[in-house]
Asker: 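Mind having a look at this structure? Questions to follow.
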Amino acid sequence: MKKYYGSADGLRTIACIGIVMMHVAENSTYSIQGYLYDTIIPSFTDFVFLFMMLSAFGMCCGYYNKMMSGKISLSEFYGRRFKKILPFFAVLVLLDVVMSPSIGSFCEGFADLTLMFGFLPNPRSITVIGVGWFLGLIFVFYICFPFFCVLIENRRRAWTVFGLSVVWHFMCLYYFEASRANVLYSACFFLAGGLIYLYREQIERWNKWAAAGLVLAAAVVYYTIGRNTAACLVLSAALLIYAVSDQGKLLNNRITKFIGGISMEIYLSHMVAFRLAEKLKLTSALGDGWEQYIFSVIIVLCGTAVFSLVLRRILRKLWEKASVTGRKIMGREER
């Protein structure tokens, strides 16, 4: 049976807010110093790896059994993926192209709108919705998902493939010069999410305090030995294990459900909100210290959330209207 893990929304909320905090700091010139601002906040860029793990885990929860039993067609599966991702992303891409028209932006916009740009040698070179490289990677994962399900059909095969994916990661890192936008570079994080899915029933029986201790230990290791692949894997996996083992209010509540539900939209559009706030001088209204930084983060998060909700509602209304119109046309043709 399909089971909903509400605490996963808590992790999406943490990752989403962390990435917004990182980008606001990275694109500002505030006079702030200290370990928190210089080390902790820049490390939030690695939350993208947690998003990868969450994507694989969530997809397995929703579709693994259906895919392996043939209860969902590939046409229906891919149709849902396009419907979920493309409308919102397309609006952002078109706005970006209209605001900065050029041959380059047209080419990049075309690549974005096909959702196939994750197959390019260097998707991160695309500047039209620059953070969209992650969406390109996720869509490559969606395309590969039926094969992914076969790879994790049993635990022995899943562990073997996971080991090979770690080798691929280091090959990409040190020989092929591929980045995190490449699916082979990032495959180990997706497969880790699949492995946690396979062991989810055992993890549910874990003591939540033991899982919390694992997260704390992983965080200490991460910041002690440096931000490398092993540390990112262990910390991301520890966070997901904790979320699976503890479905309490800390990660599973109305706030996390709300933000987690629009986390992808916030990720894709938060830089648009930041640039608008920048033009309105809101990112410098309180000076260049901690007060201004915190205010900027809040403004970007709130603005992005409102924009995401309004745009989603508009797109939903347009889709419903188009569906009704389509059914009427089909009915006339049948008569």
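Numbers here are sequence positions counted from 1.
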Asker: Does Arg254 form a salt bridge (charged side-chain N to carboxylate O under 4.0 Å, His left out) with Asp9? I'd like the steps, not just the answer.
Answerer: CA-CA 10 Å; Arg254 291 183 179 181; Asp9 282 330; over 6 Å; no

Asker: Does CD in Glu201 sit with more than 12 non-hydrogen atoms of other residues, nucleotides or ligands closer than 6.0 Å?
Answerer: no

Asker: What are the two closest heavy atoms between Phe51 and Ser263, and how far apart are they?
Answerer: CE2-OG, 4.2 Å

Asker: Kindly give the heavy-atom pair with the smallest separation between Leu137 and Ala181, and that separation in Å.
Answerer: CD1-O, 3.6 Å

Asker: Find out whether Val306 and Cys302 are in side-chain contact, i.e. whether some heavy atom of one side chain is under 4.5 Å from a heavy atom of the other.
Answerer: no

Asker: Going by heavy atoms in the side chains, are Leu164 and Trp159 under 4.5 Å from each other?
Answerer: no

Asker: Are there more than 12 heavy atoms of other residues, nucleotides or ligands under 6.0 Å from atom CH2 of Trp206?
Answerer: no

Asker: Are Met59 and Arg81 side-chain neighbours, meaning at least one heavy-atom pair lies under 4.5 Å?
Answerer: yes

Asker: Membership question, hydrophobic clusters at under 4.5 Å side-chain separation (ILVMFWY): are Val128 and Leu276 in the same one?
Answerer: no

Asker: Is Tyr222 close to Asp46 at the side-chain level, that is, under 4.5 Å between some pair of heavy atoms?
Answerer: yes

Asker: With distance as the sole criterion, is a donor-acceptor pair present between the side chains of Asn252 and Ser7 under 3.5 Å?
Answerer: no

Asker: I want to know whether Phe145 and Tyr142 have ring centres closer than 6.0 Å.
Answerer: no

Asker: Please say whether more than 12 non-hydrogen atoms of neighbouring residues, nucleotides or ligands are located less than 6.0 Å from CE in Met68.
Answerer: yes

Asker: Within a radius of less than 6.0 Å around CD1 of Ile103, do more than 12 heavy atoms belonging to other residues, nucleotides or ligands occur?
Answerer: no

Asker: Show, in sequence, the C-alpha distance, side-chain angles and deciding distance for Glu26 and Ile41, and conclude whether the side chain to side chain contact (heavy atoms under 4.5 Å, CB included) test is met.
Answerer: CA-CA 9 Å; Glu26 187 180 64; Ile41 292 176; over 6 Å; no

Asker: So does Leu36 have more than 12 non-hydrogen atoms from other groups sitting under 6.0 Å from CG?
Answerer: yes

Asker: Working to the nearest 0.5 Å, report the span between SG of Cys60 and CD1 of Ile152.
Answerer: 4.0 Å

Asker: Compare every heavy atom of Gly193 with every heavy atom of Leu240, then report the nearest pair and how far apart it is.
Answerer: CD2-CA, 4.4 Å

Asker: Look at the aromatic rings of Phe77 and Tyr63 and report parallel, tilted or perpendicular, splitting at 30° and 60°.
Answerer: perpendicular

Asker: Quick one: does Asn182's side chain have a donor or acceptor within less than 3.5 Å of a partner on Ala178's backbone?
Answerer: no

Asker: So, using salt bridge (charged side-chain N to carboxylate O under 4.0 Å, His left out) as the criterion, who are the partners of Glu177 when residues are at least two apart?
Answerer: none

Asker: For Phe110, is the CZ atom crowded, meaning more than 12 foreign heavy atoms sit under 6.0 Å from it?
Answerer: no

Asker: Can you tell me how far CG of Leu135 sits from CG of Leu92, rounded to the nearest 0.5 angstrom?
Answerer: 10.0 Å

Asker: Can you tell if the side chain of Leu115 reaches within under 4.5 Å of the side chain of Phe89, non-hydrogen atoms only?
Answerer: yes

Asker: Would you confirm whether Asn253, through its side chain, and Lys249, through its main-chain N or O, come within 3.5 Å as a donor-acceptor pair?
Answerer: yes

Asker: Return the OG to CZ distance between Ser186 and Arg180, rounded to the nearest 0.5 Å.
Answerer: 8.0 Å

Asker: Given the side-chain rings of Phe82 and Phe139, with only the six-membered ring counted for Trp, is the space between their centroids under 6.0 Å?
Answerer: yes

Asker: Run Leu120 and Phe117 through side chain to side chain contact (heavy atoms under 4.5 Å, CB included) and show every step you take.
Answerer: CA-CA 5 Å; Leu120 290 171; Phe117 56 99; 4.0 Å; yes

Asker: Do Leu184 and Met171 sit in one hydrophobic cluster, given that two such residues count as connected whenever their side-chain heavy atoms are within less than 4.5 Å of each other, even indirectly?
Answerer: yes

Asker: Are more than 12 heavy atoms from other residues, nucleotides or ligands located less than 6.0 Å from atom OH of Tyr35?
Answerer: yes

Asker: Under a 3.5 Å cutoff, is there a donor and acceptor pairing between the side chains of Gln292 and Ser284?
Answerer: no

Asker: Are side-chain N/O atoms of Ser269 and Glu265 paired as donor and acceptor at under 3.5 Å?
Answerer: no

Asker: Can the ring centres of Phe190 and Phe148 be said to be less than 6.0 Å apart?
Answerer: no

Asker: Looking at Asn122, is its backbone amide N or carbonyl O close enough to the side chain of Ser125 to form a donor-acceptor pair, meaning the two atoms are under 3.5 Å apart?
Answerer: yes

Asker: Looking at Ile17 and Ile259, what are the two nearest heavy atoms and their distance?
Answerer: CD1-CD1, 4.4 Å

Asker: Which heavy-atom pair separates Leu198 from Ala158 by the least distance, and what is that distance?
Answerer: CD1-CB, 3.7 Å

Asker: I need the single residue from Arg155, Arg157, Arg156 that forms a salt bridge (charged side-chain N to carboxylate O under 4.0 Å, His left out) with Glu153. Which is it?
Answerer: Arg157

Asker: Could you check whether Tyr293 and Asp288, counting side-chain N and O atoms only, form a donor-acceptor pair closer than 3.5 Å?
Answerer: no

Asker: Would you please classify the geometry between the Phe307 ring and the Phe88 ring as parallel, tilted or perpendicular, with 30° and 60° separating the classes?
Answerer: perpendicular

Asker: Quick one: do Tyr5 and Phe57 satisfy ring pair (Phe, Tyr, Trp, His ring centres under 6.0 Å)? Show the steps, please.
Answerer: CA-CA 10 Å; Tyr5 292 89; Phe57 181 79; 5.3 Å; yes

Asker: Quick check: do Val91 and Leu315 have side-chain heavy atoms less than 4.5 Å from each other?
Answerer: yes

Asker: Do Thr127 side-chain atoms and Gly130 backbone N/O form a donor-acceptor pair below 3.5 Å?
Answerer: no

Asker: Between Glu320 and Arg316, does at least one N-O distance fall below 4.0 Å, as a salt bridge requires?
Answerer: no

Asker: Quick one: closest heavy-atom pair of Asn65 and Tyr197, and the distance?
Answerer: ND2-OH, 3.7 Å

Asker: Does His270 reach the main-chain N or O of Tyr267 with its side chain, forming a donor-acceptor pair under 3.5 Å?
Answerer: yes

Asker: Mind running side chain to side chain contact (heavy atoms under 4.5 Å, CB included) on Ile129 and Val93 for me, showing each step along the way?
Answerer: CA-CA 6 Å; Ile129 310 299; Val93 170; 4.1 Å; yes

Asker: Please walk me through it: do Cys188 and Trp168 pass side chain to side chain contact (heavy atoms under 4.5 Å, CB included)?
Answerer: CA-CA 8 Å; Cys188 54; Trp168 256 117; over 6 Å; no

Asker: One thing to verify: whether Asp96 and Arg275 come together as a salt bridge, which I'm taking to mean a side-chain N less than 4.0 angstrom from a carboxylate O.
Answerer: no

Asker: Between atom OG of Ser105 and atom CD1 of Ile126, what is the distance when rounded to the nearest 0.5 Å?
Answerer: 12.0 Å

Asker: Contact between Ile196 and Ile241 at the side-chain level, heavy atoms closer than 4.5 Å - yes or no?
Answerer: yes

Asker: Classify the ring geometry of Tyr185 against His169: parallel below 30°, tilted from 30° to 60°, perpendicular beyond 60°.
Answerer: tilted

Asker: Checking the side chain of Ser28 only, and the main-chain atoms of Tyr30 only, is there a donor and an acceptor separated by less than 3.5 Å?
Answerer: no

Asker: Is it true that a side-chain atom of Ser245 and a backbone atom of Tyr242 form a donor plus acceptor pair closer than 3.5 Å?
Answerer: yes

Asker: Is the shortest side-chain heavy-atom distance between Leu239 and Leu50 below 4.5 Å?
Answerer: yes

Asker: Within this structure, what is the CZ-CE distance for the pair Phe44 and Met22, rounded to the nearest 0.5 Å?
Answerer: 10.0 Å

Asker: Between the side chains of Arg200 and Glu204, is the shortest nitrogen-to-carboxylate-oxygen separation below 4.0 Å, so that they form an ion pair?
Answerer: no

